[in-house]
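Everything on this sheet refers to the single structure shown next.
Residue numbers count from 1 along this sequence. Note that the coordinates shown come from a computational prediction; the quantities given were computed from them, not determined experimentally.
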Amino acid sequence: MRLLLVAAVSTFSLVAQATVIVPGATWTDTSGTPIQAHGAGILKVARSTFYWFGEDKASNTTLFHAVSCYTSTDLLTWTRQNNALTPIAGTMISGSNIVERPKVLFNKMNNEYVMWFHSDTSNYGAAMVGVATAKTPCGPYTYKASWNPLGAESRDESVFQDDDAAQTSYLLYASDNNQNFKISRLDANYYNVTAQVNVLTASTLEAPGIVKRNGQYYLFASHTSGWDPNPNRWFVASSISSAFSAQADLAPEAVRTYYSQNAFDLPLASGNAIYMGDRWRSDFLGTSTYIWLPLTWASGSPQLIWADVWSLNLAAGTWTIANGTTYEAENGVLSGSAVLASDSSFSGGKAVGFLGNGGSVTITVQGIGAAQWVSLYIANGDSTWRNTTVSVNGGAPVVVQQPDTGGGHVILSVPVKLNLKSGSNTITLGAGQSNFAADLDKIIVYTAS
């Protein structure tokens, strides 16, 4: 059975067969448990099975718990397998250390899977890479060592395997106190690096990935702002060792990559790709969600396409963005301290503010008699997250988390899954909570699931 990407706090959610991706929703595996695979690395094996490696942050700490391993044949339905890597006391991968951004390559010469990861002390002072190996994709992996590549620091990293006959592979890493971004060639075993082949000096880049398209090397990376999001950038070069172009925005700068940070960029058969990012929540790391979005070259340059709900044709490498019905918040019924706010950044020029702490808005929508995705378009000018209560037809409320959007004039959407009866329904937001919720621009109700 396939499981829906379920909103973490929504008691309205039901298990059902899923055909859609919902960025920002809590993604559950086939056992119904939230997927813990942050800082993702994706490996495709034998043309049919995808392996998703990532950081298990269920303990809500930066310290190493496990590198998880999930499998899928459609990128939608994921089954958790045995942990690929677990702590070893007295080593650099103990439970008191840091293991982040695991990426796995298959080395055909040795018929072996090789995992690279950011290996560090709890204060991020060691700035090393680590390597582990296995004979099967999920392992478990045997830890080999951690070290500073070519004697230099390495924090956020990734690996890239080229499509030449030798499958030459490279380490991509933030170095020199995150000031310089480096690319170094791996040895034939993928156990170490042999030479630095490129450096983007004073670039302050991390969270890298490379997609090779039409002979061009596209580098994607964020800048360095801790757990907070920033506008991720792209660069292009004609070879892995050539000078990369000046940085350019991957998405509108104000939305800070839709409150996410790059983790992995998966090429598709069409020549486009999927951007796979993390929406980090530093105070509750285990609740951090995933922002997977279409990455298109339709304009000639790579750009992210925002989609509340979208589906993927994996064989063709194409996607379909779901259509929903929009309901403007200002057309709802305001209660208590809720007020209308006017600003050109809102659709229709208006939104509802002062929700929560006595203020609420009730919007009448049409349902199909099923669990449906509803996207709340919000503006949160705080530097911290807010939340809002949501109730359907006067029922028990659920709480939806709302990230800071980067300003009171910047709009982002957050998803929740609600059971809507066939025909008319009321959705009330902000009732019964003592704190203020984000301003509400509109909601969009979807039928695709």
Just how far is it from atom [atom1] of [X] to atom [atom2] of [Y], taken to the nearest 0.5 Å?
| X | Y | atom1 | atom2 | answer |
| --- | --- | --- | --- | --- |
| Trp234 | Leu304 | CH2 | CG | 12.5 Å |
| Leu43 | Gln161 | CG | CD | 8.5 Å |
| Asp187 | Asn189 | CG | CG | 5.0 Å |
| Leu205 | Gln179 | CG | CD | 10.5 Å |
| Thr257 | Asp278 | OG1 | CG | 12.0 Å |
| Asp439 | Gln402 | CG | CD | 9.5 Å |

Query raised in the report: Should the pair Arg155-Glu153 be classified as a salt bridge under the 4.0 Å nitrogen-to-oxygen rule?
Result: yes

**Report entry** Presence of salt bridge, Arg386 and Asp404, under 4.0 angstrom
**Finding:** no

Between [X] and [Y]: side-chain donor-acceptor atoms closer than 3.5 Å:
| X | Y | result |
| --- | --- | --- |
| Gln261 | Ser222 | yes |
| Trp280 | Asp228 | no |
| Ser347 | Asp441 | yes |
| Arg80 | Tyr70 | yes |
| Thr73 | Ser48 | no |
| Gln196 | Arg185 | no |
| Ser375 | Ser413 | no |
| Asp162 | Tyr217 | yes |
| Ser345 | Asp343 | yes |
| Ser449 | Tyr446 | no |
| Ser94 | Asn97 | yes |
| Gln81 | Tyr51 | no |
| Gln216 | Ser238 | no |
| Ser59 | Thr61 | no |
| Asn180 | Thr201 | no |
| Asn83 | Asp56 | no |
| Asp308 | Tyr377 | yes |
| Glu100 | His38 | no |

Is it true that [X] and [Y] have ring centroids separated by less than 6.0 Å?
| X | Y | answer |
| --- | --- | --- |
| Tyr173 | His118 | no |
| Trp116 | Tyr191 | no |
| Phe264 | Trp52 | no |

Nearest atoms (heavy-atom pairs only) where [X] meets [Y]:
| X | Y | answer |
| --- | --- | --- |
| Phe181 | Ala174 | CD1-N, 4.1 Å |
| Ser119 | Gly130 | CB-N, 3.8 Å |
| Gln36 | Ala58 | OE1-N, 3.4 Å |
| Thr71 | Thr49 | CB-CG2, 4.2 Å |
| Lys182 | Ser175 | NZ-OG, 3.3 Å |
| Gly95 | Pro87 | N-CB, 3.6 Å |

Measure the shortest side-chain to side-chain distance between [X] and [Y] over non-hydrogen atoms and say whether it is less than 4.5 angstrom.
| X | Y | answer |
| --- | --- | --- |
| Leu186 | Leu171 | yes |
| Val390 | Leu376 | yes |
| Ser288 | Trp227 | no |
| Ile35 | Thr26 | no |
| Leu266 | Met276 | yes |
| Leu285 | Thr62 | yes |
| Asn110 | Tyr190 | no |
| Leu440 | Leu355 | yes |

Query raised in the report: Hey, mind stepping through Thr384 and Asp382 against side-chain hydrogen bond (donor to acceptor under 3.5 Å, both in side chains) and telling me if it holds?
Result: CA-CA 5 Å; Thr384 57; Asp382 289 354; 4.6 Å; no

**Report entry** Backbone of Pro252 reached by a side-chain donor or acceptor of Asp249 within 3.5 Å
**Finding:** no

Query - side chain to side chain contact (heavy atoms under 4.5 Å, CB included) evaluation trace for Arg256 with Asn230 - result: CA-CA 5 Å; Arg256 301 173 301 168; Asn230 59 66; 5.5 Å; no

Query raised in the report: Can you name the one residue among Trp319, Tyr275, Trp310, Trp27 that meets ring-ring contact (aromatic ring centres under 6.0 Å, His included) with Trp292?
Result: Trp27

Query - Residues Thr142, Thr133; criterion side-chain hydrogen bond (donor to acceptor under 3.5 Å, both in side chains); working and verdict - result: CA-CA 5 Å; Thr142 299; Thr133 60; 5.2 Å; no

Report task. Give the ring-plane orientation class for Tyr218 versus Trp297, where under 30° counts as parallel, over 60° as perpendicular and anything between as tilted. Result -> perpendicular

Report task. Walk me through it: do Asp265 and Ile210 pass the test side chain to side chain contact (heavy atoms under 4.5 Å, CB included)? Result -> CA-CA 7 Å; Asp265 308 285; Ile210 283 182; over 6 Å; no

